Structure formats: structure tokens, C-alpha cells
Protein chains: 4
Amino acid sequence: MGNTRLTEHYTDSRTKRQQILDAAYEIFSRKGYHQATVDEIIALADTGKGTVYNYFVNKEQLFYTLIKERSSPFETALQQIVDSSEPPLPKIESMIKEYIAFYVVNADLWRVMMHEVRGLGTAGHSNFSEKQRDKYRIWFKSTIGMLEIVLNECIAAGEIRQCDVTKTAYALFSVIVMMVFQKFVSDDIDETAKAVSNVFLYGVTNR
Amino acid sequence: MGNTRLTEHYTDSRTKRQQILDAAYEIFSRKGYHQATVDEIIALADTGKGTVYNYFVNKEQLFYTLIKERSSPFETALQQIVDSSEPPLPKIESMIKEYIAFYVVNADLWRVMMHEVRGLGTAGHSNFSEKQRDKYRIWFKSTIGMLEIVLNECIAAGEIRQCDVTKTAYALFSVIVMMVFQKFVSDDIDETAKAVSNVFLYGVTNR
Amino acid sequence: MGNTRLTEHYTDSRTKRQQILDAAYEIFSRKGYHQATVDEIIALADTGKGTVYNYFVNKEQLFYTLIKERSSPFETALQQIVDSSEPPLPKIESMIKEYIAFYVVNADLWRVMMHEVRGLGTAGHSNFSEKQRDKYRIWFKSTIGMLEIVLNECIAAGEIRQCDVTKTAYALFSVIVMMVFQKFVSDDIDETAKAVSNVFLYGVTNR
Amino acid sequence: MGNTRLTEHYTDSRTKRQQILDAAYEIFSRKGYHQATVDEIIALADTGKGTVYNYFVNKEQLFYTLIKERSSPFETALQQIVDSSEPPLPKIESMIKEYIAFYVVNADLWRVMMHEVRGLGTAGHSNFSEKQRDKYRIWFKSTIGMLEIVLNECIAAGEIRQCDVTKTAYALFSVIVMMVFQKFVSDDIDETAKAVSNVFLYGVTNR
DNA sequence: CATGAATGAGTATTCATTCAT
DNA sequence: GATGAATGAATACTCATTCAT
């Protein structure tokens, strides 16, 4: 409160928002969506309750913002691999590595998200509005879509045999997620990625 | 009213209990555990609220009963396959078939259960008591364990190469569940099972 | 079921009613009126729930019956003392003895009753209907009234000084009840009665 | 809105809390603990339901707070009399006066409390937790204890004869409470106190 | 912008009572 | 008469959201 107020204000403002997001990440990951309470989040964020509602329209949108901000760099990284000039098979391995690295960090939050969106497939009531859930589904399909693109490149290059790329992409995805959830991932992500791609790829290659 | 009184009585009793279980299955599957309300369940079951509490000590135990009654025949079926004299590889395919058939029917309820038990791995708050969650975890591991047993038989028989059977079992499991959740399962379960075992097994065989 | 059915019936019927009353006495005494549940009572009485409602119109009337049946011999005993030809002061002591003997047995149930009737004085909602509560009040006043009668005899006989007999009767009563509630009553009721009447009659001063 | 903001804030805060306490006092006194509903309390307090739970952790603790805040000045007043340099006998009379004044105001609430704590003696189920009930018992015994202290002073001073001071203190207490409950207390508390101490000290005999 | 006091819709659970058998 | 399955009214407590300061 003084001549530095404006600067402080701006700085504090950024900080507050981030504090809330960080706390929300922690609490949502630990407790799930419903069990996480705004009270817990603000306690961890060291802010007032009203502040949360200055930055986020409601709990649902706070969660959504969290997901969006966390997934954005991941999506970019995946896209860069797709766009790169690597050969198809190493591309797959790079993407697996990226996936594992991402889920190792965000496993719990993503589990919560996926549950609320109901396996990204079925209808039915949820803590989220249908409109919101569609956004998650679209985002989710777009990342899986990148896997499909590269799988198609592999097929075109004759590296793997003909198969349903959508199902294959999902299969790959499900195995990765399971590995992370079950804590099967060693500290050396490269090694784990190699193991997954090994089991996976050389099962579907032409020989 | 008459000579069938006793039977009627018993039948009616079963009916009420079963009505509640059926309704609970429906609502829990659609809404998840927390979002499912006892009011909705009794509305669908066409019973009074107190009736639910005559048969089940609380919402948690109602859910547990549901899981237990549904999983029991599945576990038995799996066990029979394990104990059978089929050769190892067909055993795997039979188990996949059984798994798919089970999850096609119980996908939603099981998703709910697995979410509440937190991926059956991590700690953290839940709607379930820790004691209860342990029961689910033990049950879950026992079914996965049956897969592991047969995978070991396959290795012993030289049908598949040396590998971490636990991870492999989980991988197989995750792919099956994903197939069901994503509605990738055709009406012909045998066909789907063959496809899964094909992609999966011939990726890990010695050839 | 046979030729002794009628007799058995009658006998069983008496037994059932008494079993319920005995169980109700136990449970009401231990738990209070509200905390006592019909379920607990029938569990202890080893009867069906409906049976309770064959003999008593509802929980309130079951409690009332209990009180009435228990107090009836006590009232009679008090009345006999009043009507006897004992001199006034010994009459007082006899009544004190009777009171103590009664409350030693029925302390808990009576505490519950008196609480529900709200100190037998004030208005306000209760678990009991106003009509019912009036019955308790009338009964209660009648027993206190017997004390008053004898106190008046004492005054007429010049044994005790002029005083407000109503207040005095209540004071005597309150001390007796307190002694019992506080478990100050020794096994030898006569001794306790003597102590009470001593303090009461002669005060605590050194003369 | 202005320079008194802070104060207003504080004042308002007190007001809501106090409104709830006042309403709770009224409802608990009229209905007893169990029969008193939070809905009734908030209706009388003119607050929202959540507000009650902002200030008090639950119904039990609301009740406890009520008792504590009401008894605190009473305890202090008693203690001051004990510590004063008055001669023993007048001390007794002063304490009686204090007791009467206190119970005239708080009779109903205290009756409710004493009933829930079961005559401050016996065990058994209650609406209160055992831990909480112990607090009440301790508090209760400490006030009775002050009476005992002064009674001992009286004995030491030769003002009253040797007697069991605990029983005597309880006897005195029970008579006071009864006088209040039975509305035997005239507007002139001094007069009532004198009457009580008179009967108590000198008994009812003609000498 | 930051705050937190106030709010009330929403929900699991209890238990006296009924009534068909 | 005896029974107990079925019932639903009643109730404490939670927590996202608002808004005055």
C-alpha cells in the first residue's frame, strides 16, 4: 500500500491466479473433482475465497483452465513431433516418450478428468456440463488423432502392417496410461518408452 | 394369500432387494458414486427410502454388494478356465473372451468402482472407507493374478517369450477395458476377442 | 399348537406383554425416552415389532403404562402410611423410607419421565402430548400431596413449626431424589432415611 | 461504509453469532436438546443454516458454547464470594443468592443440560459425546465444590456441626434448583435465599 | 482487486408406525 | 395374536457461490 501499489498489485494478481491454479492442481489430483473443496484449495493457495471467483467463473471452469494450461505445451510438443522430419517409427517412439513424460506428471489430474468426462465416450450426468465435456472430448481426440496420423505414416511406409489405426492408437494410449497409473514407469523414461514401443511395435510390425 | 404364502413372501422379499440392486446398478453406472442419490435409486426401484436401509447398511455397502454379486460369477468363470485342461494359448483367448463379456455388461459400474478406489493403486481420499477399498483392491488383483498364472503357463510352454508377466497382464487388461469403454467391441465377442489376442499375443510370441 | 392352544395363547399373551414392559423399562432407563428405540426394546423382549403395537397404542403409551404400573404399588404404600395410626414424625420417616426404596429401584426411569414432563412445571414442546403430561403431573402432585398431609399433621401436633408445607414437601422430595441420583444412598435404607430426616428436621447448625 | 467499517464488521459478526446463541438458548430451553432443531433455531435467529456452521462446529458444540458462556460469569461470582472476607455463614447465604439468581435465568437450559449428562453421575447413551459430557461434569463439580469449601469453613468456625460436606452441598443445591423449577422463588431473591438458608440451617422442627 | 461472512439447496440416514400374512 | 417388511417424514450437516466492504 503506497507508491508501488500498482506494480505490487499487478504482480500479486499474477501470483494469486497462479497460486490458486497450483493449489487446485494439488487438491484435485489428490481428492478428485467432487471431494476437492474450494476451502481446501484456498487454504493451500493462501487466498480468500472470493479471489477464486475473481479469476474463475466457478469450480468447473477452474478445473477446465487447469487442464487446458497443463495440456497446451504437451499438445504443442506432440504436434512438433508429427511435423518433424523424423522417420515414422522413431516418431512413434518419441511420441510415446512424450506421452509418458506428460502422464507421469499429470496422471492423477487426468484420471480425475477422464472419470468426470466418463471415459470420453458415454453420456450421463456428471459434475461437468455437457458443453464443457465436449471440449474435453475434442481435445482428447485431437491428441489421439496425432498418434493416428503417425501410425498411418508407418503403414504407408510399410513399417507396420495394415490395421485399424484408431483402435491401435487407443490401445497404445491405454497401455501407456496403465503403465503410469500402476507405477510401472522407471525413473528412466527413455527406457520405459523403449519397452512399451518394443512390446507394442514389434507385435504389429510386418516381421 | 394361500398355500404359496411362504414362497410369495420369500419371492417378494427377493424382489424388493433385487429391485433396489437393479436400480442402484442403473443409477451408479450412469451417475457415478457421489452423484447417484438414494432418492433417485428408490424412485427407479419403486420402494420407500427406509427399505433400502433394511437391506443395506448404507450407500457404500449397497455399492459394494452390487460389485460383489456381479463379480462373483465372473471370478468363478475365470477360475474354471485357469483350472481347465485347455492348452495355455487358447486359455488366454478364453479369458479375454470372458473379460470382454463381463466388461461389456458392467463397464460403467466398474469404471465408477475403479475411480473410487483410485486406479487401484494410489492413496488419497475417497467416498469409500480405506478398509472397504482394500477389499476391492484384493479382489481386483486376484482377477489380474489369474491372467498372470496363465501367462506363466504360456512361458513355461514356450508359447510366448520371457517377459514381466505382471506388466503384461495389466497391459492386456488395459487394452480390453479400453476396447469396451470406447465401444470398439462388435456384437460378436468372439471376433473381438480374437482380434485382441491376435494383436496382443502375436506381438509377444516367439515369432 | 394343539389342544392346549387356548391356554398357551393366554399365557404367551401375558408373557409377551410383560416381556415388552420389562425390556422397555431397561431400555428407557438406560437411554432416555428419545434415544430408546422400539427396535432395541423388541430385541431385548424377544418379540416382533408388531406385537408391541398390539398391546400398546404407541411408544408414548408404552412408556406411560410402564410408569403407571410401577408407581401404583408405591402410591398404595404411601397411602397406607398416611392412613395408619403412627404418630406424625415417625410417619414422615416411614414415608422417606418408602420414597428412597422406590427411587433406588426406579431412579433412571423417573428421571427420564420427569425430564419429558419438564420438571412437572413449565410448558413447551416435548415427546409427550400435553394431555399425557397432565396425567403425570396430577399423579406426581398426588404423591407430593401425601407428604403435605402428614406435614400438616406434624404442625397440628406441634412437632414442627409453622411453614409452607408445599414448599417443604418439595424440599424434602428434592433431597431424597438427589440422594438417590447421586448414589449417596447406602445399602441400609433405614440409615439413609434417618440421616435425611435428621438433617431435614433439625438443620445443620450446631443447635 | 466508511471509517467505522472495521468496527461495523466486527459488530455485525458478533451480532450474527449472538443472534444464533440467543435463538439457540430459547429453543434449547423450550424443547430440550434433541427436539430442538437447527431449522427452528435459524428461523428464530433470522440467519441461514450455513451461518450456524460457520460459528459452531455442530449442534453439540453450539449447545456447549451456550452453557459455557452463560456459566462463566456465574462461576466467577461464586469464586469471588469464596475468596471474600465475609464470615462463613453469610458467605453461604450469598452463594445461595447467587445460585438462585443464576438458575432463575437459566433453569430450563440447565435442566436440559443436566438431563443430557444424565444426572451428572451415571453412564449410558446420550446425545453428547462422552468427552463432552466429562467437561460438563467437571464444571458442575467445581461449582458444587465451592459450596463444599465454604461449608468446611463453617464447620471450622464451629458455625455448623460436623457433617458430610459433599452430601450437604448437594442437598443444598437440590433444594435451590427445586425451588426455581417449581417457581417457588418470589421476585425478591433475597427473601427466598433467606428462607432457604433458614430451613437448611435450622431445620423445620420447633426447636 | 482481495476478502470472507452469509447463504440455502442438496442428501444420507433414522425410526416410529402400519398392515398383509 | 404374532410378525417383520415396507414406509416416509424428519433432520444435521456440507459446500459452491455471492456480494458488501
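By convention in this document, chain letters (A, B, ...) are assigned in the order of the sequence lines, proteins followed by strands, and residues within each chain are numbered from 1. Since the structure is predicted, the reported quantities are computational estimates derived from the model, not experimental observations.
Remark: of the listed residues C/F63, C/W139, C/Y25, C/F28, C/W139 is the sole one forming a ring pair (Phe, Tyr, Trp, His ring centres under 6.0 Å) with C/W110.
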- request: Check step by step if salt bridge (charged side-chain N to carboxylate O under 4.0 Å, His left out) holds for A/E69 and A/R17.
  value: CA-CA 12 Å; A/E69 298 206 351; A/R17 198 191 116 103; 2.2 Å; yes

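Using a 4.0 Å heavy-atom criterion, one finds that B/A45 contacts no nucleic acid atom at all. D/K49 comes within 4.0 angstrom of a nucleotide base, judged by non-hydrogen atoms across all strands. Residue-level contact check: A/T51 touches the bases, meaning some heavy atom is under 4.0 Å from a base atom.
The D/V38 side chain lies nearest to F/dA12 when the options are E/dA16, F/dA12, E/dT13. When the nucleotides F/dC13, E/dA5, F/dA5 are ranked by their closest atom to the side chain of D/Y55, E/dA5 comes out on top. Picking from E/dA12, E/dC15, F/dT14 the nucleotide with the shortest atom distance to the side chain of C/T37 gives E/dC15.
The shortest side-chain heavy-atom distance between B/R137 and B/D134 falls under the 4.5 Å cut-off.
Residue-to-nucleotide proximity on DNA chain E shows that, of C/Y53 and A/T47, the 5′-proximal contact is made by A/T47. Toward the 5' end of DNA chain E, the nearer of the two residues C/Q35 and D/G48, judged by each one's closest nucleotide, is D/G48.
When atom types are taken as modelled, the side chain of D/K16 and the backbone of D/Y55 share no donor-acceptor pair closer than 3.5 angstrom.
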field: Nucleotide-level pairing of DNA chain F, given in dot-bracket where Watson-Crick and G-U pairs need both distances under 3.5 Å and | marks other strands
entry: .||||||||||||||||||||

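Aromatic ring pairs are classed by plane angle as parallel below 30°, tilted from 30° to 60° and perpendicular above 60°; the pair B/Y136 and B/F128 is parallel.
One N or O donor and one acceptor, one from the side chain of A/N54 and one from the base of E/dA2, sit under 3.5 Å apart.
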